Undergrad: 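I have a structure I would like to understand better, so I am pasting it below and will then ask my questions one at a time.
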Amino acid sequence: MAITKEAPLADGGGIGGEGISHHAEEGLVVGNYCHDVLYRDGRVIGEGLGGAASFTTNVLDALSLPVRCVSRVGSDFAYLSSVSSHPPIFSSSSSTTLFHAHFIDNNKDDDVERRDRVLKRVRSCDPISPSDLPGGRMFSFGLAVGVGGEISPETLECMLDLCRVVFVDIQALIRVFDDEDGGTVRLVPLKDSGFSHLLPRIGFLKASAEESPLIEIEEARKHCCVIITDGKDGCRVYWKDGELRVPSFPAVQIDPTGAGDSFLGGLVTGMAHGFSVAGAALLGNFFGSLTVAQIGVPKFNPPMLQIVKGELSRKTTQHSGIREGREIAAEPWKSEEYNSFRVCLQGATGMMCGHKTFEQRDEHEIARQQKILLSSAYDEMRHVNNQEKSRIIDLH
């Protein structure tokens, strides 16, 4: 994947004078796999593979963008077959990172709606050290997607040395864990995190709307492109001289876990195939919407993937790749390319929800589908978990 330094392009770009092209050698994804257990009102409603790396690589693999993944787990890791394309490093001295996500009903008359989760890190695996990263080569891009404090400033600095463009999820930098409260996840300001001195070297910084106040966007945008994801309101992109909003795609939300990670996978893939930041953010929003409709790492409809990959392939044949200029088009909706890609993704969204569009469904039908999806997803995850556990017992 070639990185070129060129003048700004009219159809988009990013920050720092460098870019990603589709002639991919490999990207580098860094972050631990986890075990996730989901609760609602004290009852387990799902358990499975977690960690931002699992969601991000799931999208990258689905869209055939080659990456190397560096992740640590313990000997108790239960989902080895699910990450066979990106096997982890086994730590002999610690267990796999375990998160409990507690959801509370927002509307007691509706057992589907719920407000924000309370996230607890129950156990943590060993951190990823600079020596764990593959040396002796340059990667076209990197993704720092830690979730449990496994990425240190030294490891991120090593990534910045190894990768030409680095995308960072802010949760890898600002999460701390309250051991006196069962490992509850707390957030600290970026300036107090120990990572702020690296900001000028970061290409793209992604955060959720909840995390955004801790970034100081006005300061961060002077150094890198800042992207704030905001659920049904899509995402906002900030750079030194402007900002824009990229719309979302409709979704029946079952579980928000991993939506931002899938967004990053779509964003990077779109940029690797030559789309502007706004166009790539559309693809990120698209995969984020697919993720919230399932529990755990999502599965994607193969015909839908073929449509999306066809659009990416056509873009690749037209352009040599994205080159990050110092400006981003502030009105992407005036671009025929942007609008046609959005229409394509809207059509692909329809493939995931049957013949009726989301706009044609009433609230009762959506609530019914949420309950069906929640029940079937949990049953499927229990079946997969039992298979994995049986396989581990056989190995021992």
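Everything numeric in this text was worked out from a predicted model, so none of it was measured. As a basis for the values below, the full set of heavy atoms in this structure was taken, side chains included, without hydrogen atoms, waters or symmetry mates.
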Undergrad: Evaluate Leu283 against Leu267 for side chain to side chain contact (heavy atoms under 4.5 Å, CB included), listing each step before the verdict.
TA: CA-CA 6 Å; Leu283 189 62; Leu267 175 77; over 6 Å; no
Undergrad: With sequence neighbours excluded, what pairs up with Ser95 under the side-chain hydrogen bond (donor to acceptor under 3.5 Å, both in side chains) test?
TA: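 Ser95 satisfies side-chain hydrogen bond (donor to acceptor under 3.5 Å, both in side chains) with no other residue.
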Undergrad: Apply side chain to side chain contact (heavy atoms under 4.5 Å, CB included) to residues Asp36 and Leu49 and explain how you reach the verdict.
TA: CA-CA 6 Å; Asp36 281 354; Leu49 174 65; over 6 Å; no
Undergrad: Mark yes or no: Arg221 above the aromatic ring of Tyr238, with NZ or CZ under 6.0 Å from the six-membered ring centre and no more than 45 degrees from the axis.
TA: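 The answer is no; the distance or angle limit is not met.
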Undergrad: Do Arg137's NZ or CZ and the ring of Phe139 fall within the cation-pi criteria of under 6.0 Å and 45°?
TA: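 The answer is yes, since Arg137 meets both limits relative to Phe139.
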Undergrad: Inspect the contact between Arg123 and Asp76 and indicate whether a charged nitrogen and a carboxylate oxygen are less than 4.0 angstrom apart.
TA: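 Yes, this pair counts.
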Undergrad: Could you tell me which residues satisfy side chain to side chain contact (heavy atoms under 4.5 Å, CB included) with Asp233, sequence neighbours excluded, listed by chain and number?
TA: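 Only Asp230 meet the side chain to side chain contact (heavy atoms under 4.5 Å, CB included) criterion with Asp233.
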Undergrad: Kindly say whether Ala52 contributes a backbone atom to a donor-acceptor pair with the side chain of Thr56 at under 3.5 angstrom?
TA: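 Side chain of Thr56 to backbone of Ala52: a pair is present.
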Undergrad: Please work out whether the ring planes of Phe286 and Phe249 are parallel, tilted or perpendicular, with thresholds of 30° and 60°.
TA: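 The arrangement is perpendicular - the two ring planes meet at more than 60°.
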Undergrad: If only atom types and distance count, is the side chain of Glu150 paired as donor or acceptor with the main-chain N or O of Gly148 below 3.5 Å?
TA: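 Yes, because the side chain of Glu150 sits within donor-acceptor range (under 3.5 Å) of the backbone of Gly148.
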Undergrad: So, using side-chain hydrogen bond (donor to acceptor under 3.5 Å, both in side chains) as the criterion, who are the partners of Thr97 when residues are at least two apart?
TA: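 None.
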Undergrad: Do the ring planes of Phe167 and Phe204 sit parallel (below 30°), tilted (30 to 60°) or perpendicular (above 60°)?
TA: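 Judged by the thresholds at 30° and 60°, the geometry between Phe167 and Phe204 is parallel.
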Undergrad: Determine, for Glu219 against Lys191, whether the closest basic-nitrogen to carboxylate-oxygen distance falls under 4.0 angstrom.
TA: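 Result for this pair is no, no salt bridge flagged.
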Undergrad: Give a yes or no on whether the backbone of Lys299 and the side-chain of Gln294 come within a donor-acceptor separation of less than 3.5 Å.
TA: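 Checking the backbone N and O of Lys299 against the side chain of Gln294, a donor-acceptor pair under 3.5 Å is found.
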Undergrad: Quick one: sort the Phe77 and Tyr33 rings into parallel, tilted or perpendicular, breaks at 30° and 60°.
TA: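 Rings of Phe77 and Tyr33: parallel, under 30°.
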Undergrad: Looking at Arg121 and Asp178, is there a salt bridge between them, counting it only when a charged N and a carboxylate O are closer than 4.0 Å?
TA: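 No salt bridge links Asp178 with Arg121.
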Undergrad: Aromatic rings His102 and Tyr39: how do their planes relate, parallel, tilted or perpendicular, breaks at 30° and 60°?
TA: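 The rings of His102 and Tyr39 lie parallel, inter-plane angle below 30°.
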Undergrad: Taking Ser248 for its side chain and Lys232 for its backbone only, find out whether a donor-acceptor pair lies under 3.5 Å.
TA: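 At least one qualifying donor-acceptor pair exists.
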